[in-house]
Amino acid sequence: MTIQQRLGPSSATTRSAILDLVRSGGTVTRTELAERSGLTPTSITRVVKSLIEDGLVVETGFLGSTGGKRSTLLELNTRARFAVGVSLDAGRLTYVVTDLSGAVIGRLVSPGIDQVGPSEDVARIARELGQLLVQLDIPVDSVVGVGVAGAGLDLGAGAERLSITATEWESFALTQALEPRIGLPVVRDNDAACAALGQYWAGRIPATQDFATLYLSNGFGLGLMSGGSVARGASSNVGEIGHMIVDIDGPDCWCGARGCLEMLAAPRAIVAQALQQKALTDDLGLSGDPHRFRSDYELIARAAARGEARSSELIDRSARYVAAAVLSIVNVLDLDRIVLAGPGFADAGAVFVRRIREEVARNARTRAVHPVLIELADPGLDAAAGGAATLALQHALTPHAVGSAGRG
């Protein structure tokens with residue numbers, strides 16, 4: 001199906017889609033745009049002219065001569081606009097500034113959001129965001145918007161805030177609180193969806209390739225890209241892989257089920273298992289404080305990465321459960337790429353990658369048809385923030401690809 005058939009005659013959506021083709025294509029010609037979009041050469045010429053006039057696209061040279069008029073090469077003008085992404089996380093608050101390609105050109109990391117309430121932190125976010133732009137010498141009027149990534153259900157439909165890690169942030173009206181302070185549009189989505197979107201945009205993964213990003217912070221989330229857009233579901237809550245049942249006789253979960261991945265393999269579960277071993281607790285200096293479980297988890301993950309046997313066993317046990325869950329996702333959705341991202345994979349991500357690769361290569365239903373690429377995001381710690389910046393870029397520049405994201 002061509003762009004014209006999918007989007008209809010609207011000039012705004014057509015322009016949005018052509019800009020996306022230029023972005024994802026790297027370097028393209030007007031002829032290639034016409035072929036890929038199904039639009040007439042005249043229509044392409046008109047749209048490209050407007051994109052060049054707005055500084056979003058530039059002409060960068062010519063194709064080699066084949067006897068006729070040489071075709072002009074077009075590229076995204078990556079420094080024409082910028083976007084800011086913010087990742088709300090208990091461990092750290094991460095800001096990134098990206099250009100139009102999604103490339104990170106500056107970052108700032110500050111203390112996490114679990115110390116005070118969101119009303120107090122909004123002022124800090126506005127201040128630190130402004131400081132970063134000043135440091136990078138980027139004028140505010142060249143920034144298209146701010147994207148914010150955070151955990152939690154989409155509460156727009158009145159969902160109950162039910163989570164063992166729930167905070168006021170999950171239902172806080174961030175857009176209304178932050179926009180007046182910074183003078184920029186703000187859009188918001190969950191961290192897994194942002195991480196997936198960032199991989200698609202910056203990684204130049206074609207829209208024809210469906211893939212998923214497995215995100216690990218306090219818990220697990222799954223961002224699914226399909227046809228160049230984030231898959232949403234009936235209530236915009238696609239990706240609750242943390243509540244996939246991986247052991248029908250497992251422990252009770254706060255969601256009401258038993259044996260969920262979160263209860264067996266998430267950082268909180270790994271820490272709880274480690275605290276049952278007094279010698280390991282003492283050797284690693286684990287606090288045992290429920291409010292500091294992320295710090296304790298990082299100590300365990302770093303020890304595992306160093307080869308400490310008891311920590312390695314805990315991480316490997318978690319990785320086996322995660323591999324089983326990912327295998328089911330691969331089989332159900334017929335994916336050929338899974339990207340692991342987020343702070344939970346920062347230290348021991350290689351263990352999870354190895355276990356998932358082994359499980360998928362051995363048991364994926366389509367293993368004889370096509371391989372499945374399992375990889376760590378680079379850089380994993382910036383994945384949600386970088387994807388949040390991409391969310392802002394997408395809302396501003398390619399809105400035809402936006403689903404129901406952007407809640408406040």
Side-chain angles (χ1 to χ4, degrees), residues 19-20 23-24 26 76 78 81-89 92-109 129 132 143-151 185-207 209-217 220-232 236 238-239 241 335 337-346 349 373-399 401-407:
L19 179 61
D20 206 25
R23 178 201 62 78
S24 62
L76 193 68
T78 58
R81 306 283 194 283
F82 302 92
V84 178
V86 184
S87 174
L88 302 176
D89 187 77
R92 59 184 61 84
L93 192 58
T94 305
Y95 305 79
V96 300
V97 177
T98 72
D99 62 18
L100 287 191
S101 72
V104 175
I105 61 173
R107 61 173 55 80
L108 173 68
V109 177
L129 189 155
L132 181 58
V143 178
V144 300
V146 176
V148 180
V186 177
V187 288
R188 182 180 180 184
D189 209 336
N190 71 70
D191 42 24
C194 285
L197 184 59
Q199 288 294 314
Y200 164 70
W201 190 285
R204 287 184 175 164
I205 298 173
Q209 184 178 92
D210 294 349
F211 73 97
T213 294
L214 177 65
Y215 193 86
L216 177 58
S217 182
F220 295 97
L222 190 80
L224 177 63
M225 293 295 298
S226 180
S229 299
V230 176
R232 297 294 174 187
S236 296
V238 162
I241 191 174
L335 300 175
R337 183 191 296 254
I338 301 285
V339 180
L340 277 61
F345 292 126
L373 177 63
I374 311 295
E375 58 185 350
L376 274 172
D378 181 28
L381 290 175
D382 286 346
T390 297
L391 181 70
L393 290 171
Q394 192 181 64
H395 271 258
L397 302 177
T398 59
V402 176
S404 57
R407 57 191 181 276

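Owing to the predicted nature of the structure, the values given are computational and were not obtained by experimental measurement.
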Would you check if Pro185 and His395 make a side-chain contact, meaning some heavy-atom pair closer than 4.5 Å?
no
From Arg232 atom CZ to Ser226 atom OG, the distance as rounded to the nearest 0.5 Å:
12.0 Å
Would you check if Thr98 and Thr390 make a side-chain contact, meaning some heavy-atom pair closer than 4.5 Å?
no
Phe345 vs Ser217 side-chain heavy atoms within contact, under 4.5 Å:
no
Tell me, do Leu108 and Leu129 make a side-chain contact under 4.5 Å, heavy atoms counted?
no
Roughly how far apart are Ile374 CD1 and Leu214 CG, rounded to 0.5 Å?
9.5 Å
Could you tell me if the side chain of Val148 sits less than 4.5 Å from the side chain of Val186, heavy atoms only?
yes
Under a 4.5 Å cut-off applied to non-hydrogen side-chain atoms, are Ile105 and Phe82 in contact?
yes
Any idea which heavy atoms bring Ala384 and Ala149 closest together, and the distance?
O-CB, 3.7 Å
Looking only at heavy atoms, which two atoms of Ala392 and Ala83 are closest? And how far apart?
CB-CB, 4.2 Å
Given the rule in the side chain to side chain contact (heavy atoms under 4.5 Å, CB included) test, do Leu222 and Thr213 qualify, once you have shown the distances and angles that lead to the verdict?
CA-CA 6 Å; Leu222 190 80; Thr213 294; over 6 Å; no
Can you find a pair of side-chain heavy atoms, one from Val238 and one from Val230, that are under 4.5 Å apart?
no
Calculate, to the nearest 0.5 Å, the distance between atoms CG and CG belonging to Leu76 and Leu100 respectively.
5.0 Å
Rounded to the nearest 0.5 Å, how far apart are CG of Asp189 and CG of Leu197?
8.0 Å
Quick check: closest heavy atoms across Arg107 and Leu132, and the distance to 0.1 Å?
O-CD1, 3.9 Å
Interatomic distance, OG1@Thr398 vs CH2@Trp201, rounded to 0.5 Å, equals 4.0 Å
Correct closest heavy-atom pair for Leu391 and Cys194 would be CD2-SG, 4.3 Å
Kindly compute the distance separating CD (Glu375) from CD1 (Ile338), expressed to the nearest 0.5 Å.
10.0 Å
pair Leu340-Leu216: side-chain heavy atoms closer than 4.5 Å:
no
Taking every heavy atom of Val86 against every heavy atom of Leu93, the minimum-distance pair comes out as CG1-CD1, 4.0 Å
Residues Tyr215 and Ala383: closest non-hydrogen pair is CE1-CB, 4.5 Å
